[in-house]
Amino acid sequence: MTDITEQNRTQTSEGERDTPVQTRKTTRRGGGDPATRGRTTIADGVVEKIAGMAARDVVGVYAMGGGLSRTFGAVRDRVPGGTKSVSRGVKVEVGEVQTALDLEIVVEYGVSITEVSQAVRENVIAAIERMTGLEVVEVNIAVSDVKLPEEEEEEPEPRLQ
């Protein structure tokens, strides 16, 4: 027997030899930080939803999207089983580490459009960068309408009385 095998054996109290004790060297597999092993891709739709929710959270934003998309969205929302589209009025381009966004919003009458736009931009950038880790290179905002206080939501009249 070799000296190493002899050292790995244990002795009982009566002087008898016991079975060898296995010792393992800890090996590091893969190397590097586990967070860097592999790749994460984020779909455009994910960033659109985050941006839509963050923009809607800003006081002074009445709705997202232009007139036509809001009309189709209102119809889609009324269909049984239909869900509200949180990404309405949001278009994104997502790269590997950066993203750019175009938002279309409707503001409430009486608010400062520049202040609302700035708040939307800040809120959207903070939410996307925090949740995805992507760098937001630009957020373009188009204000397509102003919601006047006396305007009512367009409710279709019932066909049956």
Side-chain angles (χ1 to χ4, degrees), residues 22-161:
Q22 297 289 328
T23 58
R24 288 188 185 174
K25 274 186 149 181
T26 56
T27 57
R28 189 171 182 178
R29 300 193 189 273
D33 181 22
T36 61
R37 297 183 204 168
R39 193 172 122 187
T40 302
T41 56
I42 299 172
D44 293 2
V46 172
V47 177
E48 287 175 351
K49 286 181 180 182
I50 294 169
M53 293 296 293
R56 283 174 175 77
D57 285 345
V58 174
V59 174
V61 174
Y62 176 74
M64 299 287 296
L68 189 59
S69 71
R70 287 197 333 261
T71 302
F72 282 128
V75 170
R76 186 175 43 242
D77 293 346
R78 290 195 176 117
V79 173
T83 59
K84 287 195 173 201
S85 175
V86 295
S87 60
R88 184 183 312 140
V90 182
K91 292 182 182 151
V92 302
E93 290 181 32
V94 178
E96 288 188 29
V97 294
Q98 295 179 326
T99 186
L101 299 95
D102 294 322
L103 305 176
E104 190 173 359
I105 65 173
V106 176
V107 297
E108 296 173 354
Y109 178 79
V111 300
S112 168
I113 293 174
T114 56
E115 289 177 11
V116 170
S117 296
Q118 182 179 353
V120 166
R121 193 171 283 113
E122 289 172 357
N123 206 34
V124 166
I125 289 171
I128 290 173
E129 288 183 347
R130 179 179 51 84
M131 294 178 72
T132 67
L134 294 170
E135 176 190 3
V136 179
V137 293
E138 69 179 6
V139 177
N140 300 311
I141 299 174
V143 178
S144 61
D145 201 0
V146 174
K147 168 66 170 84
L148 300 175
E150 63 273 358
E151 286 181 343
E152 294 295 321
E153 283 296 306
E154 296 175 12
E155 291 285 327
E157 293 186 26
R159 293 178 62 177
L160 300 174
Q161 300 270 346

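Below, each value reflects all heavy atoms present in this structure, side chains not excepted, and no hydrogens, waters or symmetry copies.
- Residue pairs satisfying the side-chain hydrogen bond (donor to acceptor under 3.5 Å, both in side chains) criterion with at least one member in residues 119-128, sequence neighbours excluded, are listed as follows: Gln118-Glu122.
- Taking 4.5 Å as the limit, every side-chain heavy atom of Val124 sits out of range of all side-chain heavy atoms of Val136.
- Evaluation of the side-chain hydrogen bond (donor to acceptor under 3.5 Å, both in side chains) test over residues 43-54, restricted to residues two or more places apart or in two chains, returns none.
- Scanning for side-chain contact (heavy atoms from CB on, under 4.5 Å) contacts around Ala100 gives Val137, Glu138, with sequence neighbours left out.
- Nearest heavy atoms, Val146 versus Tyr109: CG1-CA, 3.6 Å.
- Evaluation of the side-chain hydrogen bond (donor to acceptor under 3.5 Å, both in side chains) rule for Thr114 yields Ser112 as partners, not counting sequence neighbours.
- The CD1 atom of Ile50 sits 10.0 Å away from atom CG of Leu101, with the distance rounded to the nearest 0.5 Å.
- The shortest non-hydrogen separation linking Glu104 to Gly66 is OE2-CA, 3.1 Å.
- Minimum interatomic distance between Ala55 and Val120 (heavy atoms only, all atoms of both residues): CB-CG1, 3.9 Å.
- Atom OG1 of Thr99 sits about 6.0 Å away from atom CD1 of Ile128, to the nearest 0.5 Å.
- A distance of 10.5 Å separates CD in Glu96 from CG in Leu134, rounded to the nearest 0.5 Å.
- The two residues Ala51 and Val90 come nearest to each other via the heavy atoms CB-CG1, 3.9 Å.
- Put simply, CD1 on Ile141 and CG on Asp102 are 10.0 Å apart, with the number rounded to the nearest 0.5 Å.
- Legend: residues meeting side-chain hydrogen bond (donor to acceptor under 3.5 Å, both in side chains) with Gln98, ordered by chain and number and at least two apart, are Glu135.
- For Thr132, there are no side-chain hydrogen bond (donor to acceptor under 3.5 Å, both in side chains) partners, not counting sequence neighbours.
- A donor-acceptor pair under 3.5 Å is formed between the side chain of Arg56 and the backbone N or O of Val86.
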